[in-house]
2 protein chains.
Amino acid sequence: MGVERMDPDERRGQIISRAQVLFRERPYSEVSNTEIAAAAGVSRGLLNHYFGTKRELYLAAVAEMLSVPPVPVPEYLPGASVRDRTCQSVEGWLELLERNRETWLAAIGMDGPADPELERLLDAARDRLVDHIAEVVGLGPYAREHPEVHALLRGFSGMAEATSREWLKRGRLTRRQVHVFLEETLLRILTGILPRVVEDDGSGHHCAHAGRTTTGTPSPDVR
Amino acid sequence: MGVERMDPDERRGQIISRAQVLFRERPYSEVSNTEIAAAAGVSRGLLNHYFGTKRELYLAAVAEMLSVPPVPVPEYLPGASVRDRTCQSVEGWLELLERNRETWLAAIGMDGPADPELERLLDAARDRLVDHIAEVVGLGPYAREHPEVHALLRGFSGMAEATSREWLKRGRLTRRQVHVFLEETLLRILTGILPRVVEDDGSGHHCAHAGRTTTGTPSPDVR
DNA sequence: AAAACTATTGGCGGTCCGTCAATAGCGTGC
DNA sequence: GCACGCTATTGACGGACCGCCAATAGTTTT
């Protein structure tokens, strides 16, 4: 069926490409090699010939997905303030995210999500944690009134998870450092930032774009 | 083999318990029903009898892991300042984390890899992103000198991911809110918090514990 | 044109999961 | 005390999937 004989590199590329499409739609375990082979118009055995195992094929696919989204290059603005630069940085992140949202979401989840049930469980657990934080910190009523507060605290909880990973798993931070960092950050969020976000009416405020931020290549979600 | 007939609820509990042990060690796909059944001293068919499908068994196990409400109850301190409370909150989180580290890593990593290779890929991608942020923001040299800076920025990136999820997937935040929140937070981190963490020499600083924070029950990693 | 090379296929064996009829423990009514 | 019903529990069957390997069919070399 595999119509013709093909240049190995080309085949390889084509297979990976087809695999990426499927792996973006469904998680690892729910897409079969048979299916990938069919989508590529190729025998199943050929996948093993090129990649050895299904997992390796998956890794190759993901690796290429992640290697592509090269950060949109920001231009160096000599006169830019720290604030301008942070604003641009954030803007760049959001832009990138909005653009290849599929890719990122797919890359992060491999075995777990795609199962809405499991997702609900984890979400619920995290929400409980956030509720607890809100309570301890004295935001109880405020948080109940403004749902955004809750969502923002979820953001903080994400930071807590990430730094904790750096501490427990990679050892690049000490427990003390994690503590100080989280405490200081949470404090600023509570005292200064939170109200500002909630009461923001949408007027004014955007980056002082001297030049374009911008996208050397349009970066159309992977390729 | 299944030694005796047993009370259904008891059986159910026993199976879940055994399953949890295995699911903590290895990810979903790498632990077979056969194995779980063996560990529980029970026929494989019985798992399907009680839980229908493997996934449902998995969900039941995870649900119980997460339900054991990890929150250690903090005492209400009437005279405590906001700072004290945030400190306690953070301390509570870290304490909890250090204690049932296995459980959390398992629960958190539920939607993640467990494949070291894949983990490496994702880590590398995130590190690249963080490098980029550091560069844009003008921390390039500083970050290269102090690895902690890099790790802390990873923390911020965790926050970015979490808030973005709230925006893109759950719709509890607007893009604008995410932007303002991230920008403000990043700015404070850069100007005020980062140096403090890096130069912290380990002297002084801990919560003003009026009462104990503490652990009504020792909370010995799940149960 | 024959031979060496390799991309490509199809089938084999093994593992794993969901289903289902059959078995075996336990309580109940007479 | 015994037959009967209920259900926990098992063992086996069918289907899907994966990794391996010998056989096949293009392509290049001599």
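FYI, side chains are in, hydrogens and waters are out, and symmetry mates aren't considered; it's all heavy atoms of this structure. Here is the naming used below: chain letters follow the sequence lines, and residue numbers restart at 1 for every chain.
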Inset, instruction - Would you mind reporting whether R126(B) and V130(B) have side-chain heavy atoms less than 4.5 Å apart? - result: no
Spacing of [X] atom [atom1] relative to [N] atom [atom2], expressed in whole Å:
X: D9(B); N: dA8(D); atom1: CG; atom2: C1'; answer: 13 Å
X: M6(A); N: dG26(D); atom1: CE; atom2: C1'; answer: 15 Å
X: E30(A); N: dA16(D); atom1: CD; atom2: C1'; answer: 14 Å
X: L57(B); N: dC17(C); atom1: CG; atom2: C1'; answer: 13 Å
X: L47(A); N: dA7(C); atom1: CG; atom2: C1'; answer: 13 Å
X: R11(B); N: dT7(D); atom1: CZ; atom2: C1'; answer: 13 Å
X: I15(A); N: dA7(C); atom1: CD1; atom2: C1'; answer: 11 Å
X: E56(A); N: dG19(D); atom1: CD; atom2: C1'; answer: 12 Å

Legend entry - Selection from dT9(C), dA8(D), dA7(C) that lies nearest to any side-chain heavy atom of P8(B): dA8(D)
Inset, instruction - Just compare dC16(C), dT9(D), dT9(C) and give me whichever is closest to any side-chain atom of S43(A). - result: dT9(C)
Inset, instruction - Remember a base hit wins even if backbone is also touched, and classify F51(B) as base, sugar-phosphate or nothing at under 4.0 Å, heavy atoms. - result: nothing
Inset, instruction - Using side chain to side chain donor-acceptor pair (under 3.5 Å) as the criterion, list what pairs up with R120(A), not counting sequence neighbours. - result: E117(A)
Inset, instruction - Answer yes or no: does a side-chain N or O of Y50(B) lie under 4.0 Å from OP1 or OP2 of dT9(D)? - result: yes
Inset, instruction - Compute whether any side-chain donor of one residue and acceptor of the other, for Q14(B) and R11(B), lie under 3.5 angstrom apart. - result: yes
Inset, instruction - Would you confirm whether T53(B), through its side chain, and E56(B), through its main-chain N or O, come within 3.5 Å as a donor-acceptor pair? - result: no
Identify all pairs in which a protein N or O lies below 3.5 Å from an N or O of nucleotides 18-21 of chain C, and state each distance.
{"residue": "dG18(C)", "atom": "OP1", "partner": "T53(B)", "partner atom": "OG1", "Å": "2.5"}
{"residue": "dG18(C)", "atom": "OP1", "partner": "K54(B)", "partner atom": "N", "Å": "3.3"}
{"residue": "dG18(C)", "atom": "OP2", "partner": "N48(B)", "partner atom": "OD1", "Å": "3.1"}
{"residue": "dG18(C)", "atom": "OP2", "partner": "K54(B)", "partner atom": "N", "Å": "3.3"}
{"residue": "dG18(C)", "atom": "N7", "partner": "R44(B)", "partner atom": "NH1", "Å": "3.4"}
{"residue": "dG18(C)", "atom": "O6", "partner": "R44(B)", "partner atom": "NH2", "Å": "2.2"}

Name the pairs: protein N/O against N/O of nucleotides 23-26 of chain C, kept only if under 3.5 Å.
{"residue": "dG25(C)", "atom": "N2", "partner": "R5(B)", "partner atom": "NH1", "Å": "2.8"}
{"residue": "dG25(C)", "atom": "N2", "partner": "R5(B)", "partner atom": "NH2", "Å": "3.4"}
{"residue": "dG25(C)", "atom": "N3", "partner": "R5(B)", "partner atom": "NH1", "Å": "2.6"}

Legend entry - Row check, F181(A) ring normal vs R176(A) NZ/CZ: under 6.0 Å, within 45°: no
